[in-house]
Chemist: 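Mind having a look at this structure? Questions to follow.
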Amino acid sequence: MNDINSILEHPLFVKTASIFILFIIIYIVVSLLKKGVSRVTKDNSSKYKFRKLVSFLGYVLFAIGLMFIFNTSFSGVGTALGVAGAGIAFALQEVIVSIAGYIAIFTGRFYKVGDRIKLGSVKGDVVDIGLLRTTLMEIGDWVNGDLYNGKIVRVANSFLFKDPVYNYSGDFPFLWDEFTVPIKTHCDHKFAKQTFEGILKEVVGDFSNQSQVAWDKMIGEYSIENAKVQPMVTMIFDENWITFTLRYVVDFKMRRTTKSVLSDKILTAINSSDGKLEVASTAFEITAFPK
């Protein structure tokens, strides 16, 4: 009986039991809070943010609890902890930098869940931001266009300090896009430009007005020029054909769909122009045959 009491009263057993009880309590509280938010709100974004906040607070509380449990022994092992801490920091430098990257992501507004970003050679939508890694639903690769290919990519947060971060949907969630239409030189270029401008206004006009508001806010925050957000059509010509360039803003997830709609309407307009517009192509014209 005395042996059992001595074991139960031993400082190591007391601290181990305290850590276990602390873990169980925090785990139960965090789990209940995560389940509770699913019943209270139906918004996926709010659920995700609350769950991440609860998990982070759980880690913080557990760390504070450990400090409180081992508080009495810190003074005696200060030097040993300093030496050991230096070794641990060297061995886990990638982990430490990833945690620093996690803090920088939120404090520096590099990106958030739902943004479309490019980290190094990986491009995709952010689906989760963990303490050590950012999870992306990858786009592109063997799939043409900005469409999902089905791969889930996890990138260490330390990558934030090594290469540039490209955000396609940060403060200005729209992109400029453009494509060219070659028209034969004998066609009515004024009619062509008027037709293309009308199609752009029909398809992306309302969206351009919305993006103008967001761009005006960008101008107030950053030192950038007041670029033209409204759709525009420019042209150049050479000895082969007239090239019209259609430039417009588009939602970062709708580039391919918008270009398809524009292409359909432009081709329909060309075919119904009664010969005023003809698509140009590379061709060889034989003017005479050798005798």
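In this text, all values refer to a predicted model and were calculated from it rather than measured experimentally.
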Chemist: Using modelled atom types only, decide if a donor and an acceptor are shared between the side chain of N167 and the backbone of D115 within a distance under 3.5 Å.
Modeler: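 Flag not set: sc N167 to bb D115 has no pair under 3.5 Å.
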Chemist: Where do A104 and F110 come nearest, in terms of heavy atoms and distance?
Modeler: O-CD1, 3.3 Å
Chemist: Find out if a path of hydrophobic residues (ILVMFWY) with successive side-chain heavy-atom gaps under 4.5 Å connects Y27 to I25.
Modeler: no
Chemist: Are more than 12 heavy atoms, taken from residues, nucleotides or ligands other than D238, located less than 6.0 Å from that residue's CG atom?
Modeler: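 Atom CG in D238 is crowded, with more than 12 foreign heavy atoms closer than 6.0 Å.
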Chemist: If we ignore hydrogens and angles and just use 3.5 Å, is the side chain of S208 paired with the main-chain N or O of V204 as donor and acceptor?
Modeler: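 Yes.
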Chemist: Testing the basics here: between L136 and V155, what is the closest heavy-atom pair and its distance to 0.1 Å?
Modeler: CD1-CG2, 4.4 Å
Chemist: Are the side chains of Y166 and I117 in touch, meaning some heavy atoms are under 4.5 Å apart?
Modeler: no
Chemist: Report yes if some heavy atom in the side chain of I183 is under 4.5 Å from a heavy atom in the side chain of I270; otherwise report no.
Modeler: yes
Chemist: Under a 4.5 Å side-chain heavy-atom rule over Ile, Leu, Val, Met, Phe, Trp and Tyr, are I28 and L61 clustered together?
Modeler: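 They do share one cluster, since a chain of ILVMFWY contacts under 4.5 Å joins I28 to L61.
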Chemist: Identify the residue among F244, F191, F179 that makes a ring pair (Phe, Tyr, Trp, His ring centres under 6.0 Å) with F196.
Modeler: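 Checked F244, F191, F179 against F196; only one passes ring pair (Phe, Tyr, Trp, His ring centres under 6.0 Å): F244.
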Chemist: Would you call the rings of Y102 and F106 parallel, tilted or perpendicular if under 30° counts as parallel and over 60° as perpendicular?
Modeler: perpendicular
Chemist: I'd like to know whether D206 forms a side chain to side chain donor-acceptor pair (under 3.5 Å) with Q210, so could you lay out the CA-CA distance, the side-chain angles of the two residues, the decisive distance to 0.1 Å, and finally the verdict.
Modeler: CA-CA 7 Å; D206 292 338; Q210 298 173 14; over 6 Å; no
Chemist: First locate atom CG of L119, then atom NZ of K162, and finally report the distance between them rounded to the nearest 0.5 Å.
Modeler: 12.0 Å
Chemist: Side-chain heavy atoms under 4.5 angstrom apart, residues restricted to Ile, Leu, Val, Met, Phe, Trp, Tyr: same cluster for W142 and Y148?
Modeler: no
Chemist: Could you tell me the separation between the OH atom of Y248 and the CD atom of E178, rounded to the nearest 0.5 Å?
Modeler: 9.0 Å
Chemist: Do R256 and L147 come close enough that some side-chain heavy atom pair is under 4.5 Å?
Modeler: yes
Chemist: Would K184 and I242 count as a side-chain contact (heavy atoms from CB on, under 4.5 Å) if you check the C-alpha gap in whole Å, the side-chain angles of each, and the deciding distance to 0.1 Å?
Modeler: CA-CA 6 Å; K184 292 183 177 180; I242 305 172; over 6 Å; no
Chemist: When rounded to the nearest 0.5 angstrom, what is the spacing between CG in L262 and CG in L200?
Modeler: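 Taking CG in L262 and CG in L200, the distance rounds to 6.0 Å.
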Chemist: Decide yes or no on side-chain contact (heavy atoms from CB on, under 4.5 Å) for I99 and N157, but give the supporting numbers first.
Modeler: CA-CA 7 Å; I99 295 175; N157 293 335; over 6 Å; no
Chemist: Determine whether more than 12 heavy atoms belonging to other residues, nucleotides or ligands lie under 6.0 Å from atom CD of Q194.
Modeler: no
Chemist: Any chance you could measure Q230, atom CD, to E197, atom CD, to the nearest 0.5 Å?
Modeler: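 These two atoms lie 12.0 Å from each other.
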Chemist: Could you check I139 against V143 for side-chain contact (heavy atoms from CB on, under 4.5 Å), going step by step and ending with a plain yes or no?
Modeler: CA-CA 7 Å; I139 62 176; V143 177; over 6 Å; no
Chemist: Please check if the number of heavy atoms outside F161 that lie under 6.0 Å from its CZ is greater than 12.
Modeler: yes
Chemist: What residues, two or more places apart in sequence or in another chain, satisfy side chain to side chain contact (heavy atoms under 4.5 Å, CB included) together with D163?
Modeler: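 Applying side chain to side chain contact (heavy atoms under 4.5 Å, CB included) to D163 gives F159.
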Chemist: Tell me if a side-chain donor or acceptor on T135 pairs with a main-chain N or O of R154 at a distance below 3.5 Å.
Modeler: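 Checked: no pair found.
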Chemist: Quick one: NZ on K193 to CE on M232, what's the gap to the nearest 0.5 Å?
Modeler: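 Those atoms lie 10.0 Å apart.
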Chemist: Applying the side chain to side chain contact (heavy atoms under 4.5 Å, CB included) criterion to L246, which one of T234, I266, T180 satisfies it?
Modeler: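 Per the side chain to side chain contact (heavy atoms under 4.5 Å, CB included) rule, the option paired with L246 is I266, out of T234, I266, T180.
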Chemist: Applying side-chain contact (heavy atoms from CB on, under 4.5 Å) to D177 and F252, what does each step give before you reach the verdict?
Modeler: CA-CA 10 Å; D177 200 9; F252 69 96; over 6 Å; no
Chemist: Using a strict 4.0 Å threshold on nitrogen-to-oxygen distance, state whether D146 and K123 make a salt bridge.
Modeler: yes
Chemist: For N149 and K151, indicate whether the former's side chain and the latter's backbone hold a donor-acceptor pair under 3.5 Å.
Modeler: yes
Chemist: What distance do I105 atom CD1 and K112 atom NZ have between them, rounded to the nearest 0.5 Å?
Modeler: 13.0 Å
Chemist: Which heavy atom of V229 sits nearest to which heavy atom of S211, and what is that distance?
Modeler: CG1-OG, 3.0 Å
Chemist: Any pair with a residue in residues 261-277 that passes side-chain hydrogen bond (donor to acceptor under 3.5 Å, both in side chains), sequence neighbours left out, goes on the list, sorted by first then second residue, please.
Modeler: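 The answer is E202-K265.
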Chemist: Work out which heavy atom in K228 is nearest to a heavy atom in W176; give both atom names and the distance.
Modeler: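 Closest approach of K228 to W176: O-NE1, 3.3 Å.
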Chemist: If two hydrophobic side chains count as joined below 4.5 Å and joins carry through other members, does V203 share a cluster with V249?
Modeler: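 Different hydrophobic clusters.
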Chemist: Quick one, K118 and V122 - any side-chain contact, counting heavy atoms below 4.5 Å?
Modeler: no
Chemist: Any link between L22 and V29 through a network of hydrophobic side chains (Ile, Leu, Val, Met, Phe, Trp, Tyr) touching at under 4.5 Å?
Modeler: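 Yes; tracing contacts between hydrophobic side chains, which count when under 4.5 Å, links both residues.
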Chemist: Under a plain distance cut-off of 3.5 Å, with no hydrogens placed, do D128 and T134 share a side-chain donor-acceptor pair?
Modeler: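 T134 vs D128: no donor-acceptor pair found between side chains.
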Chemist: Given F207 and F174, is the ring-ring contact (aromatic ring centres under 6.0 Å, His included) satisfied, shown in steps?
Modeler: CA-CA 10 Å; F207 190 80; F174 315 109; 4.9 Å; yes
